[in-house]
Structures are given as C-alpha cells and as structure tokens.
S.K.: 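After the structure tokens below, expect a handful of questions from me.
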Amino acid sequence: MVSIVRLHSAAGLIFSTQYFGALGPNALNVSLGSVAASFIASPVGGVIAGHFGDRYGRKATLVGTLAITGAASLGMGLLPPMTRSGSSPRYFW
C-alpha cells in the first residue's frame with residue numbers, strides 16, 4: 001500500500017507541472033487533490049463493479065472496467081501539456 005501511495009504522489013507532482021502549471025503555487029494542491037479524489041472514488045467504483053459482477057458475471061465486468069480504464073488512460077495520454085495548449089488541459093482533467 002505504501003508504494004501505491006508513493007507512486008500516486010509522484011504522479012501528482014508531475015501532473016502539477018504538466019497540467020496545472022498556470023495555477024502557480026496552487027498547482028500542487030490541485031494536482032494532489034485530484035489524486036485524493038481517485039482514492040475516494042476507488043471504493044465507490046468497487047461497490048458499483050461488484051453489483052455488476054454479481055448481476056452480469058465477473059468476466060463481463062472485468063472486460064468493461066478494463067475498457068473504461070484503458071479509455072481514460074488513453075484520454076489522459078492524448079492531452080497536450082500546459083506549455084503547448086495553454087490552460088485547456090486542466091478543464092479536461
């Protein structure tokens with residue numbers, strides 16, 4: 001668990017410079033806040049996925065959650081950094 005927290009904290013540090021740089025000193029707070037939101041949303045997603053897993057089967061639920069995760073990761077990867085597009089990436093984040 002500690003290594004996951006460290007990995008997400010490191011991602012928050014990188015995101016603050018790449019996507020929230022125009023916010024100045026508040027960029028780190030906003031970036032780590034978005035990482036904290038993912039930790040809060042994770043158990044909620046587990047409850048929802050558990051419901052669908054019981055209803056439609058674990059395999060279909062796994063494929064669905066992997067597709068959603070892949071689409072979200074692809075979307076984040078395609079966002080241009082702040083230096084290239086101005087302040088627009090933070091509105092998509």
Side-chain angles (χ1 to χ4, degrees):
M1 179 68 181
V2 173
S3 62
I4 293 173
V5 172
R6 287 182 184 167
L7 177 67
H8 280 80
S9 298
L13 293 173
I14 293 170
F15 291 159
S16 68
T17 59
Q18 294 295 318
Y19 297 111
F20 303 110
L23 296 177
N26 291 329
L28 183 61
N29 292 334
V30 172
S31 179
L32 291 177
S34 64
V35 171
S38 72
F39 276 110
I40 293 169
S42 182
V44 174
V47 169
I48 294 170
H51 169 71
F52 284 117
D54 290 341
R55 188 165 219 182
Y56 300 111
R58 291 181 183 168
K59 184 177 181 180
T61 303
L62 177 65
V63 170
T65 55
L66 288 176
I68 291 169
T69 303
S73 297
L74 178 67
M76 280 180 46
L78 293 177
L79 281 177
M82 180 77 71
T83 56
R84 187 172 291 196
S85 66
S87 62
S88 63
R90 68 178 164 177
Y91 299 117
F92 295 113
W93 178 249

S.K.: Do you know the tightest heavy-atom contact between Val35 and Ser38?
M.R.: O-OG, 2.5 Å

S.K.: Run through the side-chain heavy atoms of Ile, Leu, Val, Met, Phe, Trp and Tyr, join any pair under 4.5 Å, and report what else lands in Tyr56's cluster.
M.R.: Val44, Ile48, Phe52

S.K.: List the residues meeting side-chain contact (heavy atoms from CB on, under 4.5 Å) with Ala49, not counting sequence neighbours, and say none if there are none.
M.R.: Thr61, Thr65

S.K.: What distance do Ser73 atom OG and Ile68 atom CD1 have between them, rounded to the nearest 0.5 Å?
M.R.: 11.5 Å

S.K.: Considering only Ile, Leu, Val, Met, Phe, Trp and Tyr, and joining two whenever side-chain heavy atoms are under 4.5 Å apart, list the other residues clustered with Leu74.
M.R.: Leu78

